[in-house]
Amino acid sequence: MEQVEQVDAPHFRYTAQMANRIEARWQDFWAKNGTFHAPNPVGPLADTRHPRYGAPKRFVLDMFPYPSGAGLHVGHPLGFIGTDVYARFERMAGYNVLHTMGFDAFGLPAEQYAVQTGTHPRTTTEENIIRYREQLRMLGLAHDPRRSVATTDVAYYRWTQWIFLQIFNSWYDPSENRARPISELEAQLAHLPADERRKIVDSRRLAYVSEAPVNWCPGLGTVLANEEVTSDGRSERGNFPVFKRSLKQWMMRITAYSDRLIDDLDTLDWPEAIKLMQRNWIGRSRGAYIDFSGIRVFTTRPDTVFGATYMVLAPEHEAVDRLVPDEWPADIPRIWTGGHATPREAVAAYREFAAGKSEVERQADAKEKTGVFIGAYAVNPANEARIPIFIADYVLAGYGTGAIMAVPGQDERDWEFAEVYELPIVRTVEPPSSFEGKAYLGEGPAINSGFLDGLHVAAAKEQIISWLEEHGHGEGAVTYRLRDWLFSRQRYWGEPFPIVYDEHGHAHSVPDSMLPVELPDVADFSPKTFAIDDADSEPETPLSRAKEWVEVTLDLGDGPKVYHRETNVMPQWAGSCWYQLRYLDPTNEENFVDPENERYWVGQTPQAVSGGVDLYVGGVEHAVLHLLYARFWHKVLFDLGHVSSFEPYHRLYNQGYIQAYAYRDSRGVVVPAEEVVEEQPGIYVWNGEKVSREYGKMGKSLKNVVTPDEMCERYGADTFRVYEMSMGPLDVSRPWDTRAVVGAQRFLQRVWRAVVDEETGEVTVADEPAPVEVKRLLHKVIAGVREDLAELRFNTAVSKLIELTNALTKLDTSPREIVEPLVLMLAPVAPHISEELWQKLGHGESLAYVDFPVADPAYLVEESVTYPVQVNGKVRARVEVAASADEAAIRAAALGAVSISDPKKVIVVPGRLVSIVN
RNA sequence: GCGGGAGUGGCGGAAUUGGCAGACGCGCAAGACUUAGGAUCUUGUGCCUUCGGGCGUGGGGGUUCAAGUCCCCCCUCCCGCACCA
């Protein structure tokens, strides 16, 4: 980026060079003086002399970034700047504000880079963090640097491991609906033999090892959580195929918290869209289990049981083999058998067919129902009808009981299947005539349903559930879509499990005193990967090759013995499940957070009954991953008495994305966006050649990256901050437009000029009183800006400040009584220039703790009001009326202005307008 | 398919929740200062107009003295979920 000093610009103009000098100076000042250190109630970060010690608090949090090698582009800091503006504002408004930044630094990219180059992931990670810190410092973010942590710090992941052990050493007690220490379960089972007790205890832990169908990704050489697999069956990272297969893995019993994770959403100040996504992800369905000849099905529509004319089991359902007879029953339709000689052959063939389908094919085929009769029948408990049992892949093994009663009359999928396999269709809800020839899912009176006839859906459900329970045919039930969280990864760059195995293969926790379990150095960081479609490959963890680390002699209370360490590592989500708590007490070696500090910063309050962070800003992409996992961990910590809040993040706000235009030439090759010029509206040219424009993410591949470094150099950090905050509402995505940044610069230049003579550098403010109309504007702006900043409406706050500045520009000299509040109001958005001007105005202290201006109500009322006068809905005149005038006077003035003496109707809206119907 | 959100000048976006549509900024135009302008400043800028005014918030209808805002129908785009019984 060329940076030509503007030789002829006035010496004291607010140019990029001037901005950069000011910014460097104040960044040094803040760092040196610890300006943004937030005092804790107790511990090493307590400071009783701090102006905000013991004041009401605000914990303002960003979703911490992964420090990638590519560095930041202008899209990344949007949320960081937003929280910074809010944090600075709240600090000036009297709050003790905790605002800092950490790094989510475990993860795949550093590991993959390590595999390629041999550089240790820690080296790469630390370099990237340094680079990130530089970039963030340049933006003037008011962080408390003492509280910054990286998830890869040994001193940090020691506590991640400790929390894991809390989870491992607890169980969910359904009768109390909370997690309890495992020792309490052991005590309850004290009468049992040790072996049996261990078995039960291990089966109840919240973190447990299980042999279960998991997502195995040979291309990455690791297993993945459901949340990390895309809907077309590929890995979110790398886009490799993922296969379901049974492997022994660590799981977290998040399903125990399904109800609380749904119900507690009501206590949170989150966007409804995110709450909805979490509710859908957990997927609670209320209905009933019904037993059909010993096969249990789940249904949300037990009221339709009289219409169940067949059953369908998932192809993998465990009852199938038991049920399949040797021969086909007599007189069945040909299509039921799939042309196979025996049911056993038909089942085997169908299973092979279904298993061979990829996730993509399964979805593409969703509308064409396939299946096969297994040769057996069940009895519908409601009407004792004999109904055939099918297997079909439209019934999923992983949901409900893996078996359904098929009610084609009231279910579209069952209807389609019934049509293909010529199965009877019995309607049990009276459909409107428009539903001729298709299933009806709606409301209506029951028909063909025996004792339910005439009842509407809700009443019929209730009736049939009590009938089922009375007769032992089933019970009311709730099921969930959420599965337990697959928690182990076959990677290197993650937290080691604090778990060892004895000679029987039993898992033991490493005692707290032996934490942290440090990652060993290894020569080869790569998990063993395979051909991307090699579904039968076996995972091999990098840590398993560190033989001398794996084998360890410990005394776990029964003398020294040899144990083998767990060689999986935790998923990247682990560190982000609790980092905000460590910010509160980053150096505590006795505890992951001191309880008093925890209560002060994130405890429950009347305004936030859940407790938790006061404002959490980040992208929507974490709607179900990080935010669900973190809530789960937090609830476990709450149940075990380690935290006083039952939710980690009370208020959530999703910032939008900054996107950018990209350009391609006639061959479709991306050209550097920076070099494209718009010759005419809609005509874009690069190197003399016409190019086409598209719109998308900022990134290397689209050659449209703009970095904050570049913007700071060309305009200064304050201008960059003002621009990002004024582009639009924080939660809306918008296109980046470097051309438009100059508007923010001009604004700051005007503010500067209002205080400083560009030629001489003299401060030029006047101490005489300001004109009353400017004072009115000032107080209107103060009231507006306060409200806007508190509501995160930064774009309108900036526009109000510009208005005030423009009014100031029109005066010959700037009155101090306007300039000083303007500078203070500008400070959250453009802190460096504001500090500089504040100092030039004669103040010795940083303005970071100066009270934010408060509007004087006396100036908020106008002396006179100009009323638009509408006649039949059109504005025909304006009248100026004293603010104190009553309705009659306003009405008289309005009628006079439009010369109407006998109107049909007159509506006077005081303070707004007059509307006349003539 | 189901669920959620959004459509306002050439562009980004405002509009105290039913009360003067287009604040503020970019761009554009004219002017000032300049050797110069991709710097800065000033003024103007929704569209049409016979200069009276008319038309305008995705389209169509409605309620109202008054609709971007409320109601009904339709269109488009974005996001999430996707055979979840």
Item to complete: State whether A:Arg746 places a side-chain N or O below 4.0 Å from either non-bridging phosphate oxygen (OP1 or OP2) of B:U40.
Response: yes
Worksheet item: Should we count NZ of A:Lys275 as having more than 12 external heavy atoms under 6.0 Å?
Response: yes
Worksheet item: Contact class for A:Gln749 vs. all strands (heavy atom < 4.0 Å): base, sugar-phosphate, or nothing?
Response: sugar-phosphate
Discussion item. Counting C-beta onward and ignoring hydrogens, is there a side-chain heavy-atom pair between A:Gln410 and A:Leu441 closer than 4.5 Å?
Written reply: no
Item to complete: Could you let me know what B:G1 is paired to, Watson-Crick or G-U wobble, both distances under 3.5 Å, or none if it's on its own?
Response: B:C81
Worksheet item: B:U57 pairs with which nucleotide, Watson-Crick or G-U wobble, both distances below 3.5 Å?
Response: none
Worksheet item: Under 4.0 angstrom, heavy atoms only, what part of the nucleic acid is A:Arg878 near: base, sugar-phosphate, or nothing?
Response: base
Discussion item. Partner lookup for B:G31, please. Criteria are Watson-Crick or G-U wobble with both distances under 3.5 angstrom; report none if nothing qualifies.
Written reply: B:C41
Discussion item. Mind checking if A:Asp414 touches a base, just sugar-phosphate, or nothing, with heavy atoms under 4.0 Å?
Written reply: nothing
Worksheet item: With a 4.0 Å cut-off on heavy atoms, is A:Glu803 in touch with a base, just the backbone sugar-phosphate, or nothing at all?
Response: sugar-phosphate
Worksheet item: When the C1' atoms of B:U64 and B:G58 are considered, how many whole Å apart are they?
Response: 23 Å
Practice prompt. Assign A:Arg750 to base, sugar-phosphate, or nothing according to its heavy-atom contacts below 4.0 angstrom with the strands shown.
Written response: sugar-phosphate
Discussion item. Heavy atoms only, 4.0 Å cut-off, all strands: where does A:Leu276 land among base, sugar-phosphate and nothing?
Written reply: sugar-phosphate
Discussion item. Applying a 4.0 Å non-hydrogen cut-off, can you work out what A:Ile907 is touching in the nucleic acid: base, sugar-phosphate, or nothing?
Written reply: base
Fill in: Electrostatic pair A:Arg793-A:Glu787, nearest N-O below 4.0 angstrom
yes
Discussion item. Within the 4.0 Å heavy-atom criterion, would you say A:Arg739 contacts the bases, only the backbone, or no part of the nucleic acid?
Written reply: sugar-phosphate
Discussion item. Once you apply a heavy-atom cut-off of 4.0 Å, does A:Val909 come out as touching a base, just sugar-phosphate, or nothing?
Written reply: base
Worksheet item: When rounded to the nearest Å, what value does the distance between P atoms of B:G12 and B:A23 take?
Response: 15 Å
Worksheet item: When we call it a touch if two heavy atoms are under 4.0 Å apart, what does A:Arg753 touch: a base, just sugar-phosphate, or nothing?
Response: sugar-phosphate
Worksheet item: Contact class for A:Val407 vs. all strands (heavy atom < 4.0 Å): base, sugar-phosphate, or nothing?
Response: nothing
Discussion item. Mind checking if A:Arg483 touches a base, just sugar-phosphate, or nothing, with heavy atoms under 4.0 Å?
Written reply: nothing
Worksheet entry | Rounded distance in Å between the P positions of B:G56 and B:G61 | 11 Å
Worksheet item: If the C1' atom of B:G27 is compared with that of B:G10, how far apart are they to the nearest Å?
Response: 8 Å
Worksheet entry | Test ring-ring contact (aromatic ring centres under 6.0 Å, His included) applied to A:Tyr723 and A:Tyr715, A:Phe794, A:Trp736, the passing residue | A:Trp736
Discussion item. So A:Val395, base contact, sugar-phosphate only, or nothing? Heavy-atom distance under 4.0 Å.
Written reply: base
Worksheet item: Between A:Arg296 and A:Asp291, does at least one N-O distance fall below 4.0 Å, as a salt bridge requires?
Response: yes
Practice prompt. Remember a base hit wins even if backbone is also touched, and classify A:Ser285 as base, sugar-phosphate or nothing at under 4.0 Å, heavy atoms.
Written response: sugar-phosphate
Worksheet item: Would you say the side chain of A:Tyr350 lies within less than 4.5 Å of the side chain of A:Ile391, judging by non-hydrogen atoms?
Response: yes
Discussion item. When you measure only distances, ignoring hydrogens and angles, does the side chain of A:Lys800 come within 3.5 Å of the base of B:C24 through a donor and an acceptor?
Written reply: no
